[in-house]
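These notes are about the structure you will find just below.
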There are 2 protein chains.
Amino acid sequence: MTHMKKYPIRLTPQRLAILEYLEGNKAHPSASDIYKAVSKKHPMMSFATVYNTLETLRGKKHVRELSIDPEKKRFDPNKKPHHHLICLECRAIADVHRNFALDLTDSERYGYEITGTHVDFYGVCPKCKRGRSSKI
Amino acid sequence: MTHMKKYPIRLTPQRLAILEYLEGNKAHPSASDIYKAVSKKHPMMSFATVYNTLETLRGKKHVRELSIDPEKKRFDPNKKPHHHLICLECRAIADVHRNFALDLTDSERYGYEITGTHVDFYGVCPKCKRGRSSKI
DNA sequence: CTTCTAATTTATAACGATTATAACATAATA
DNA sequence: TATTATGTTATAATCGTTATAAATTAGAAG
């Protein structure tokens, strides 16, 4: 995990397992996805540890917490600035690495101080499209 | 509420009260905000009715369900296409009425069929900015 | 290497948002 | 008016998440 030396956290076996699972993971897993996957190798792992660790990682900017899925928080270890492409049927999330220059005029800004921008593209992923046509 | 004739729903006193509350509401209220406000006039109103009604309104496209707030769903009766400006401190949400032409190349699209786009601007609202400076 | 302290993990309870269920009430329709 | 579908209510259940307290462990100090 990049930046790990720059913003270090105390490394425990549990945290290492979670970091290992997240490293390069492009699925944008939820806490429960992470728990399920990691507890296979660490059966004693508690759910609370997953939440605690995610909170710690979020604080050190090692993961981004996404509010894209209305059902649950999802986590993104990709630290490059990027946007998302979301399947409205299965909630799959893909990354979009492009920089959109999105600026607001003063009147549009409405007194807000803007610190970041994020674009969501909504649609249907290839897997769900296939599923559809087969049902005709 | 616009479109009400085009996509009608059966109008009950409860639904009317909820629609009245939502009409022109720019606060992007949660189900609980709506319940609190509406049950002042309709003390017998049940929480379930708020959820049921919101689900019905969503189905008829009378409200948009937002996943902007990680804690809870919020609802937007504004049917003009628009984007959002979100205060990271108090979760206030303001509307941005601008059309951004955001297109992805085929390779960026990754097989997804894109049906919509939404831009979130993150920052600090004027109220929270004021709160900050007074604490120096 | 041992001792100490603070941080971490665990199990579990509590919480808030949301959904499900079933009985009751109301509206629309025949 | 009788019938049927739809909406409302109260309430239980569920799910994701946070809080708590006791037990464990990592890391620092000696």
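Computed from a prediction, not measured in an experiment: that's the story for all the values here. First the proteins, then the strands, lettered A, B, ... as listed; each starts at 1.
A close approach under 4.0 Å does occur between a side-chain nitrogen or oxygen of B:Q14 and OP1 or OP2 of D:dT9. For the pair B:S46 and D:dT8, the criterion of a side-chain N or O lying under 4.0 Å from OP1 or OP2 is not met. Here A:T12 does not reach the OP1 or OP2 of D:dT25: none of its side-chain N or O atoms lies under 4.0 Å away. In this structure, B:R15 reaches the D:dT8 phosphate: one of its side-chain N or O atoms is under 4.0 Å from OP1 or OP2. An OP1 or OP2 oxygen of D:dT18 is reached within less than 4.0 angstrom by no side-chain nitrogen or oxygen of A:Y51. The side chain of A:K73 contributes no N or O atom lying less than 4.0 Å from OP1 or OP2 of C:dA17.
By the 30° and 60° cut-offs, the orientation of the rings of B:Y51 relative to B:F47 is parallel. Taking the six-membered ring for Trp and thresholds of 30 and 60 degrees, B:F100 and B:F121 have ring planes inclined between 30 and 60 degrees apart.
The side chain of A:R10 approaches D:dA26 more closely than any other nucleotide in the set C:dT10, D:dT9, D:dA26. Side chain of B:K72, nearest nucleotide from C:dA17, D:dA10, C:dA11: C:dA17. Here the side chain of A:A31 is nearest to one of C:dA7, D:dT8, D:dT17, namely D:dT17.
Taking atom CG on B:D69 and atom P on D:dT17, their separation rounds to 13 Å, with Å as the unit. Note: CD (B:E55) to C1' (C:dT18) measures 11 Å, nearest angstrom. Distance B:M45 CE to D:dA10 C1': 14 Å, rounded to the nearest Å. A:D33 has its CG atom 15 Å from the C1' atom of D:dT17, to the nearest Å. Across the protein-nucleic acid pair, A:L19 atom CG and C:dT8 atom C1' stand 14 Å apart, rounded to whole Å. Atoms CG (A:L16) and C1' (C:dT9) sit 15 Å apart, rounded to a whole Å.
Judged by closest nucleotide on DNA chain D, B:T53 is the one of B:T53 and A:F75 placed further toward the 5' end. Comparing B:F47 and B:P13, the nucleotide of DNA chain C nearest to each residue sits closer to the 5' end for B:F47. Nearest-nucleotide assignment on DNA chain D puts the 5′-proximal partner with B:P43, out of B:E71 and B:P43.
Side chain of B:H42 to backbone of B:K40: no donor-acceptor contact under 3.5 angstrom is found.
Under the 3.5 Å distance criterion, with hydrogens and angles disregarded, a donor-acceptor pair is assigned to the side chains of A:H28 and A:D95.
Of all heavy-atom pairs spanning A:L54 and A:V63, the tightest one is O-CG2, 4.1 Å.
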